[in-house]
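First comes the structure, then the notes that go with it.
Values reported hereafter were calculated over all heavy atoms of this structure, with side chains retained and with hydrogens, waters and symmetry mates removed. Heads up: numbering here begins at 1 and tracks the sequence.
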Amino acid sequence: MADTPLIELREVRKVFVTGAIRYEVLKGISLAVERGDYIALMGPSGSGKSTLLNILGCLDAPTSGHYHLEAREIVSLSDTELARIRNQFFGFVFQSFNLMGRYSVEENVALPMVYRGLPRRERLQRARALLARVGLKDFNRHLPSELSGGMQQRVAIARALVNEPKVLFADEPTGNLDSKTGQEIISLFGELNAEGTTLVVVTHDPRVAEHTRRVLTLTDGAIVKDLRNGMAA
């Protein structure tokens with residue numbers, strides 16, 4: 001199992017159909033994500049980066065092709081089974097934070113554990129520990145609206161980590177942040193990867209890409225470049 005890719009895509013295609021218009025967003029993507037990878041997905045707008053991220057994270061299904069998670073084909077799984085995989089295997093961080101404004105910071109972080117049936121006390125204890133991990137131990141009871149953008153992104157990262165995911169997916173995580181705060185998020189991602197978390201990040205930010213282990217460049221729905229530590233793969 002150790003030699004098997006954590007995630008493997010084979011000839012994955014994604015087609016969107018609107019009326020008479022058929023648009024192929026991903027054109028036969030084959031990709032292996034290894035345990036401990038730290039991947040930046042780059043390319044111009046419309047190249048398919050976010051669509052690929054959504055398929056890797058089981059937020060969307062490919063039109064055709066194969067998806068193996070730890071050697072298990074998951075394309076044909078039910079929505080309930082895919083939801084379980086998302087909850088137990090993956091964490092997600094988005095540019096817009098997606099925090100629930102009526103809940104406190106610690107309640108936002110604890111929310112994914114509700115679906116695992118953990119007692120409230122245990123949920124909040126773990127949420128507080130993760131908030132401390134991302135530098136927000138004094139803000140547990142605050143509402144998201146009381147925090148800066150960078151602090152809200154840290155809350156989103158803590159929430160994404162709460163179920164100890166094998167893979168953390170992030171879509172433009174520094175896009176709404178100033179350069180100093182963005183660098184802090186980049187440093188935090190580096191620490192998480194060093195601790196063993198696999199990361200896949202969609203970004204336009206070269207500062208993010210230069211800290212990753214691998215850069216995939218997409219153009220028109222295809223991977224046109226795959227660099228590891230500056231060397232073509």
Side-chain angles (χ1 to χ4, degrees), residues 4-9 31-42 49-60 67-70 74 82-99 105 108-116 123 126-127 129-136 149-177 181-205 207-216 218 228:
T4 303
L6 182 58
I7 296 173
E8 186 175 16
L9 304 184
L31 168 66
V33 178
E34 308 291 344
R35 291 166 178 80
D37 254 345
Y38 185 177
I39 298 173
L41 298 179
M42 302 193 76
K49 303 183 301 297
S50 292
T51 299
L52 178 57
L53 187 83
N54 288 341
I55 287 176
L56 287 167
C58 297
L59 295 170
D60 199 359
Y67 181 135
H68 291 90
L69 176 63
E70 295 186 325
I74 68 166
L82 290 173
R84 181 186 60 80
I85 286 173
R86 288 192 298 269
N87 186 258
Q88 296 183 5
F89 279 80
F90 302 145
F92 300 92
V93 179
F94 300 100
Q95 182 177 355
S96 57
F97 316 138
N98 290 351
L99 301 177
V105 163
N108 267 278
V109 174
L111 190 59
M113 291 183 286
V114 171
Y115 305 110
R116 298 183 65 178
R123 297 197 306 266
R126 177 150 179 78
L130 277 166
L131 286 166
R133 169 72 176 81
V134 300
L136 294 175
M151 295 166 78
Q152 290 186 56
Q153 190 62 293
R154 288 175 177 271
V155 174
I157 292 169
R159 180 185 58 191
L161 296 174
V162 78
N163 282 334
E164 300 181 327
K166 293 189 176 182
V167 187
L168 180 64
F169 295 103
D171 196 348
E172 297 288 0
T174 63
N176 283 336
L177 307 178
T181 307
Q183 187 59 53
E184 292 172 354
I185 298 301
I186 292 169
S187 296
L188 178 56
F189 280 1
E191 293 172 11
L192 294 171
N193 183 244
E195 294 167 3
T197 303
T198 302
L199 288 98
V200 181
V201 182
V202 166
T203 185
H204 285 101
D205 190 341
R207 297 172 305 161
V208 175
E210 69 185 17
H211 286 85
T212 64
R213 299 176 183 270
R214 185 178 177 191
V215 179
L216 299 178
L218 278 75
R228 291 181 182 270

Side-chain heavy atoms of Arg159 within contact of Leu99, under 4.5 Å:
yes
Can you find a heavy atom in the side chain of Leu59 that is under 4.5 Å from one in the side chain of Phe92?
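Counting from C-beta outward, Leu59 and Phe92 do come under 4.5 Å.
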Who pairs with [X] by salt bridge (charged side-chain N to carboxylate O under 4.0 Å, His left out), at least two apart in sequence or on another chain?
{"X": "Arg126", "answer": "Glu164"}
{"X": "Glu8", "answer": "Arg10"}
{"X": "Arg154", "answer": "Glu184"}

Separation between CD1 of Ile186 and OG1 of Thr181, rounded to the nearest 0.5 Å
11.0 Å
For the CG atom of Asn87 and the CZ atom of Arg84, what is their distance to the nearest 0.5 Å?
9.5 Å
Once side chain to side chain contact (heavy atoms under 4.5 Å, CB included) is applied, do any residues pair with [X], and if so which ones, sequence neighbours excluded?
{"X": "Ala110", "result": "Met113, Arg123, Leu124, Ala127"}
{"X": "Asp171", "result": "Ser50, Leu53, Phe94, Val202"}
{"X": "Pro165", "result": "Leu161"}
{"X": "Ala129", "result": "none"}

With sequence neighbours excluded, tell me which residues meet side chain to side chain donor-acceptor pair (under 3.5 Å) with [X].
{"X": "Glu172", "result": "His204"}
{"X": "Thr212", "result": "none"}
{"X": "Arg133", "result": "Glu191, Glu195"}
{"X": "Ser96", "result": "Asn98"}

Electrostatic pair Glu70:Lys166 at N-O distance under 4.0 angstrom:
yes
Check against side chain to side chain contact (heavy atoms under 4.5 Å, CB included), Val167 and Val33
CA-CA 10 Å; Val167 187; Val33 178; 5.6 Å; no
Distance-minimising heavy-atom pair for [X] and [Y]:
{"X": "Glu210", "Y": "Arg207", "value": "CG-O, 3.3 Å"}
{"X": "Phe90", "Y": "Cys58", "value": "CE1-SG, 3.8 Å"}
{"X": "Leu136", "Y": "Met151", "value": "CD1-O, 3.5 Å"}

Keeping Asn193 on the side-chain end and Gly36 on the backbone end, is there a donor-acceptor pair under 3.5 Å?
yes
So, the side chain of Asp37 versus the backbone of Arg213: is there a donor-acceptor pair under 3.5 Å, distance only?
no
Take Ile157 and Leu192 through the side chain to side chain contact (heavy atoms under 4.5 Å, CB included) test and state the conclusion after the steps.
CA-CA 10 Å; Ile157 292 169; Leu192 294 171; 4.3 Å; yes
Intermediate values then yes/no, side chain to side chain contact (heavy atoms under 4.5 Å, CB included), Val114 and Leu111
CA-CA 5 Å; Val114 171; Leu111 190 59; 4.2 Å; yes
Applying salt bridge (charged side-chain N to carboxylate O under 4.0 Å, His left out) as the test, list every pair that has at least one member in residues 51-60; sequence neighbours left out.
Lys14-Asp60
